[in-house]
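As the structure is a computational prediction, the values presented were derived from the model and not from experiment.
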Amino acid sequence: MANVLIWSSLRSHTGGKANLQIEARTVRELLDRLAETYPGLKPQIQRGVSVSIDGVIFRDGWLETLKPESEVVLLPRMVGG
Amino acid sequence: MSAVTVNAKINGDPVEFVCEPDETLLDVLRNRLGMTGAKEGCSTGDCGACSVTIDGRLTCSCLVLGAEVEGLNIGTIEGMANGEKLHPLQKKFLEHAALQCGVCTPGFLVAAKSLLDHNPKPTETEVRFALAGNLCRCTGYDKIVRAVMDAAAEMRRA
Amino acid sequence: MPLDNTESQTRKFKVIGTRPIRPDGIDKVTGRARFGADAVAPGMLIGRVLRSPHAHARIKSIDYSKAMKLAGVKAVVTKDDFPDKTDGDAALYDVLYNVMAREKALYEGHAVAAVAATSAAIAKQALKLIKVDYEVLPHVTDVDEAMKPNAPVLHSKIFTDGVEPKPKKASNVVRRYEFGHGDVDAGFKRADIVIERHFRTEATHQGYIEPHACLANVGPDGQGELWVCTQGHFMVRDTCARLLGMDITKLRVTASEIGGGFGGKTTVFIEPVALALSRKANRPVKVVMSREEVFKATGPTSSSSIDVKIGCTKDGRIVAGDATLRYQGGAFPGSPVEFGAMTAFAQYDLENVRAVGYDVVANRPKQAAYRAPGAPMANFAVESVIEEMAHKVGMEPIDFRIKNAAREGTHSSYGPVYGPIGLLATLQKAREHPHFRAPLGKNQGRGMACGFWFNFGGQSCVTLNVGVDGTVGLVTGSPDIGGSRASMCLMAAEELGIPYDKVRSVVADTGSLGYNDVTDGSRTTFATGMACILAARDAIKKLCARAAQIWGIPEDAVVWENGHARPAGANAGNFEPMSLKEIAAQAPSTGGPIAGHHEYSADGAGVSFATHICDSEVDPETGFTKILRYTVLQDAGKAIHPSYVEGQFQGGAVQGIGWALNEEYIYGKDGRLQNAGFLDYRIPVCSDLPMIDTVILEIPNPGHPYGVRGVGETSIVPPLAAVANSVSAAVGVRMTETPISPPKLLKALESLGGMKKAAE
Amino acid sequence: MRYERPNTLQAASQLLAKEKGSAYVLAGGTDLLVRLRTGFVEPDLIVDIKRVAVTRTIAKGATGWKIGAAVTGAELGENAALKKAWPGVVEAANLIGSKQVQGRCTMTGNLCNASPAADSVPALVAAGAKAVIVGPKGRRTIPVEQVPVGPGKTSLKKGEIIESLLLPARPARSGDAYLRFIPRTEMDIAVVGVGVSLTLDAKGVVKDARVALGAVAPTVLLVPEAAKAIIGTKLDARAMDALAAACSAACKPIDDKRGTKDYRIKVAGVLAKRAARIALDRAKGSK
């Protein structure tokens with residue numbers, strides 16, 4: 001079970017929870033599970049998210065594999081200048 | 001509009017061109033003569049990217065009508081190197097990495113050459129004020145000033 | 001990650017870290033380099049765009065029949081030529097709407113029509129013959145005004161997202177973001193000192209010297225070509241093709257040399273218009289923006305209004321940080337407020353932190369990314385309060401920052417836990433730097449600030465072709481905005497073990513290479529550079545295989561060392577090492593061409609921190625601020641070409657100095673931009689500045705084989721606060737609005753004088 | 001649009017007088033070309049006067065200096081004798097734009113552009129300069145402060161051209177100076193400009209002075225009250241304060257993108273003092 005941290009303003013869609021335990025092997029699975037479990041998160045996920053897995057930022061890495069103890073932080077999709 | 005025929009010299013070579021009376025020298029160089037080394041950054045004389053010399057005097061080619069240069073000698077970036085041999089300023093700009101995107105570079109080189117033609121031993125402050133009419137957004141000017149000072153030193157040694 | 005990156009700690013480099021001449025250098029010092037506006041095509045038409053003079057207006061009708069009758073006019077396009085093909089993609093629809101206004105013009109300068117004619121003069125004349133019937137609507141350009149309940153509403157479909165309950169009334173507030181952890185209210189209860197301040201920053205423009213320019217050529221068969229100055233020609237291709245209903249691969253886009261971008265050339269403006277005109281006229285069409293158009297219709301930054309509250313204990317430990325940020329991002333959703341909120345406190349190790357951001361629309365041009373988008377404004381606010389707080393606690397600001405600095409293991413304000421980071425190293429180096437102890441005179445002051453940016457990787461695709469003479473052609477798809485071709489060559493040369501001057505790097509068009517993300521996010525040297533390394537390793541594998549075949553030994557019995565294939569050991573056989581050149585010479589008769597390739601999406605870019613020190617002198621009678629000395633200390637991970645790393649530090653710092661002191665978008669009551677030119681939009685000139693000293697720190701990024709981190713963006717983050725803090729140190733006033741223009745500073749000095757008199 | 005390049009001012013004047021549409025004189029062109037480019041003006045005729053020899057020369061005579069209308073800023077700066085006689089005027093002219101602009105711009109153009117913020121104009125007004133005008137009805141000479149009558153407007157009549165500017169011979173024990181405030185160090189339009197010219201008596205008392213302000217009213221202002229505040233003084237602190245107060249009081253500025261009313265009023269006084277100090281030092285240094 002990956003430990004997923006979501007940013008504060010998304011918590012209204014998760015019943016106030018900041019930490020979510022999600023069973024997923026890849027980032028893509030994780031995002032799918034999140035959208036299924038918490039439909040309120042779907043628009044943001046569709047708009048685009050990046051993730052940090054154990055401190056390393058992945059802008060698009062949907063196929064990145066997750067370890068059971070991975071800490072995944074959801075981030076708005078990264079942009080740069 | 002009645003087009004004007006103009007005979008002038010560019011980098012010492014004779015040219016004849018026809019232009020509309022409201023065309024700038026920059027338009028003529030770029031669009032009629034295919035000399036795109038001078039760049040249009042603003043068309044209001046505020047950025048210096050279109051710098052040329054007219055009879056040795058530095059100016060912005062966007063502030064000159066093509067029709068005005070009858071009988072005059074225009075100096076552009078295309079005439080700066082001597083055959084294969086780069087001008088010391090060109091060489092030093094490369095060595096000092098005094099360009100990033102490079103769009104302001106022709107204007108800086110023409111302006112810097114004009115400075116060194118008049119003042120072979122400028123101080124840093126003199127370089128900075130002489131080049132104040134050339135905008136660079138990439139470098140913060142540091143390496144440009146160093147390159148000009150270094151080129152001046154090399155030219156004095158030569 | 002297939003890479004063994006531990007070598008970045010110990011590897012002895014041969015060419016990495018040297019400062020060779022860039023491959024595009026000669027072209028750029030001789031005027032031969034071809035930028036966006038330098039291309040021509042046979043039979044080329046000139047395109048011009050008609051723009052709204054109103055900040056907010058309903059477009060009732062557009063009549064261009066007279067324009068079409070003008071001799072020499074070959075095509076006119078309006079919104080009708082851009083049917084909505086965005087298929088529910090809201091962000092893409094906004095791009096479409098920004099490219100050509102639809103039911104409303106949303107800002108002064110919004111494109112409403114365009115013409116293509118046989119000359120610039122005719123095109124200009126034709127624009128005057130287009131009749132647009134506008135119904136002028138009330139407008140709003142200020143962020144705080146735009147958030148008020150009675151403000152003119154730009155979009156009837158925006159109902160603030162992220163607030164409960166969801167509003168029933170449309171407004172200009174697009175979305176609310178919140179980041180952070182801990183309990184800030186509890187934190188503030190433990191605080192001995194609390195400082196709360198309000199800040200405002202005006203919008204600034206990226207200010208690249210080269211205006212947007214492109215040359216489009218589309219035929220009736222649906223195939224097209226586009227020459228364009230952009231930070232990402234693959235992005236341009238995909239976006240234009242989708243907007244215009246073209247097949248993506250039938251549009252070939254070539255990136256010209258690009259005269260600066262800084263984030264401003266990461267989207268499309270005139271490109272779809274030029275393509276549509278070309279398609280309609282069946283002729284090549286060139287469109288070049290004027291400087292005025294660049295200011296009025298391309299991406300400035302957000303303007304912002306920010307509240308910051310920080311609490312700390314008597315001994316200087318921050319116990320809570322709280323910020324509310326409101327960014328106006330122009331006429332469409334998407335201000336970078338979330339990045340402001342994420343980065344505001346990223347440089348500190350905080351138990352309790354909260355940052356709330358509001359994305360707001362207003363009648364201004366759609367903001368575009370600008371170097372570390374969203375971060376400088378937030379940093380200005382937080383680092384100003386930090387400096388003030390340090391003084392209040394009675395600590396040196398640098399000690400206060402060191403005490404509270406984020407470090408490896410810190411739970412960052414935006415979520416993840418930091419790996420090895422270089423913030424403390426930059427602070428410690430700053431303290432040791434001679435600048436830090438240099439004497440100051442009257443009305444002079446020293447300020448500092450620390451800044452952060454994420455950096456990211458993204459998609460890159462690289463091909464490396466070995467020539468029969470042993471030279472190497474490196475094909476990348478990342479437009480080179482600051483000398484990156486030199487860095488790419490260095491990395492390939494390092495891997496292959498050949499001299500730098502045996503590698504030539506070109507930026508390929510979209511028909512010649514797989515997709516490459518935009519050159520942004522400080523990603524190119526990191527991500528495309530790593531692809532170069534991996535493409536070189538792929539080529540090495542093939543070179544070794546070729547040597548193995550020639551020698552008649554197994555492939556795995558050959559290793560690559562110092563530019564040579566050699567048998568792996570005594571058992572492999574006794575053969576003289578073969579150089580790359582020798583193998584290449586035999587390529588035609590030993591199996592054909594040898595090439596390496598790599599395509600991927602890179603991640604693990606590694607965050608970057610910087611500390612800036614600024615000395616300034618204020619003329620107390622005029623409010624003029626002169627920057628006397630400036631030092632940038634930043635972690636680069638590993639500097640591939642140190643000159644261009646320094647260049648990024650210096651350029652970003654000076655853009656930040658401009659933002660701090662003089663750059664701003666000035667709007668009249670009519671909602672029109674009053675300073676759309678380089679005369680009154682005052683970017684720093686050469687005589688405004690001292691040399692910008694740089695210190696490159698190299699704390700290797702474990703996510704890159706050489707340890708590279710992105711370096712392009714962090715340098716614009718700290719200057720706003722560093723300058724403001726130096727002004728405060730010089731003359732004792734705390735400036736909370738940028739730009740710190742002379743009239744504002746003089747006014748502040750006068751009210752300080754008044755307060756001092758009152759106190760006496 | 002037609003472009004004409006006559007060899008005499010009479011011919012130029014006739015061309016301008018005869019033109020039914022809009023006609024403009026071109027000397028340096030640093031303002032005209034910007035307006036042309038931005039569509040602010042759409043001339044039917046441009047008359048380039050640079051082939052008229054008298055417009056290209058700087059002449060020193062018994063009564064003073066005659067500076068041709070097409071003499072560039074760079075040429076002024078290279079004329080050591082003029083620079084020594086009227087350093088404030090030359091410095092002011094040399095502040096216009098960049099080195100590139102200096103290669104083209106002229107003081108007469110600066111005057112005829114009639115911007116209240118023109119850098120050379122307060123210095124010329126303080127120096128007591130006059131404009132020699134050639135027109136269909138002959139020649140006339142007027143003080144330069146009478147040329148601009150409002151932003152972008154001059155008192156020149158159709159067909160009239162300024163041939164040259166006259167500066168008096170430098171009196172003994174006199175000096176002039178011009179200072180402006182800009183937010184950057186170069187390339188900006190003056191937010192406030194102050195020109196001061198003064199003459200001392202043998203005891204070092206100011207016996208004559210002229211003070212002019214730029215960018216604080218619709219036209220450049222000659223401020224007699226400011227001159228009065230320093231005449232008869234040795235420019236001690238009290239006189240300086242009186243000078244500053246008189247300058248600030250004379251300002252009728254507007255709030256605009258370059259500065260606020262309050263700012264201009266305050267800084268006019270600050271710069272007046274600083275310019276007066278420089279003019280004083282120059283007067284003391286000159287024989």
Side-chain angles (χ1 to χ4, degrees), chain C residues 48 120-121 124-125 127-128 202 290-293 295-296 617 619-627 654 657-658 660-669 672-690 739-751 753, chain D residues 1 30-31 33-40 42 94-101 113 115 117 119 179-194 215 240-241 244 247-248 253-275 277:
Chain C
R48 282 278 170 93
K124 199 172 148 190
Q125 209 183 334
L127 290 187
K128 291 185 187 164
E202 216 358 295
S290 68
R291 178 55 54 184
E292 186 183 358
E293 287 180 289
F295 276 115
K296 285 186 176 172
E617 179 174 327
D619 180 339
E621 290 186 314
T622 64
F624 180 86
T625 302
K626 180 162 180 59
I627 305 297
V654 168
I657 289 170
L661 290 179
N662 281 311
E663 291 181 36
E664 61 178 318
Y665 263 44
I666 303 170
Y667 279 92
K669 285 202 170 72
R672 291 179 180 150
L673 184 64
Q674 298 200 330
N675 59 333
F678 278 138
L679 182 62
D680 285 302
Y681 183 88
R682 304 181 190 97
I683 79 170
V685 299
C686 195
S687 50
D688 291 345
L689 297 159
I740 306 171
S741 58
K744 268 190 231 159
L745 182 51
L746 190 64
K747 201 171 166 193
L749 284 165
E750 282 175 338
S751 59
Chain D
M1 178 183 134
T30 53
D31 286 311
L33 262 82
V34 173
R35 291 176 178 210
L36 191 66
R37 191 63 169 196
T38 51
F40 198 75
E42 292 184 345
N94 287 166
L95 284 175
I96 302 165
S98 57
K99 280 275 183 286
Q100 284 85 341
V101 169
N113 192 42
S115 160
D119 279 311
L179 290 175
R180 66 167 181 190
F181 183 83
I182 54 171
R184 291 180 293 187
T185 52
E186 274 283 357
M187 300 306 290
D188 290 328
I189 302 294
V191 180
V192 182
V194 182
M240 284 291 202
D241 287 344
C247 286
S248 291
I254 52 166
D255 283 328
D256 70 5
K257 60 190 171 188
R258 294 176 184 143
T260 60
K261 275 186 211 172
D262 289 351
Y263 185 78
R264 289 184 157 111
I265 290 170
K266 173 98 200 290
V267 173
V270 170
L271 293 189
K273 286 193 202 179
R274 293 180 183 179
R277 168 64 53 198

Interface check, chain D: of C:Thr625, C:Leu661, C:Asp680, C:Leu746, most non-hydrogen pairs under 4.5 Å belong to C:Asp680

| Is any side-chain heavy atom of C:Arg682 closer than 4.5 Å to a side-chain heavy atom of D:Arg258? | yes

For C:Phe624 and D:Arg184 the tightest heavy-atom approach is CE1-O, 3.7 Å

Pair count under 4.5 Å, heavy atoms only, with chain C: among D:Gly39, D:Gly259, D:Pro183, highest is D:Pro183

Bottom line for C:Ser687: the part with an atom under 4.5 Å from chain D's heavy atoms is both

Quiz item: Would the number of heavy atoms belonging to other residues, nucleotides or ligands and lying under 6.0 Å from NZ of C:Lys744 be above 12?
Solution: yes

Flag if over 12 foreign heavy atoms under 6.0 Å of NZ, D:Lys261: no

Nearest heavy-atom approach of D:Lys266 to C:Glu750 is CD-OE2, 2.9 Å

Counting heavy-atom pairs under 4.5 Å with chain D, the top scorer among C:Val685, C:Asp688, C:Ile666 is C:Asp688

Of the listed D:Lys257, D:Met187, D:Arg37, the one with the largest count of heavy-atom pairs under 4.5 Å with chain C is D:Lys257

All heavy atoms of C:Pro742 vs all of D:Tyr263, minimum pair found to be CB-OH, 3.3 Å

When every non-hydrogen atom of D:Asp188 is compared with those of C:Leu679, the smallest separation belongs to OD1-O, 3.7 Å

Interatomic distance, OG1@D:Thr185 vs CD1@C:Ile627, rounded to 0.5 Å, equals 11.5 Å

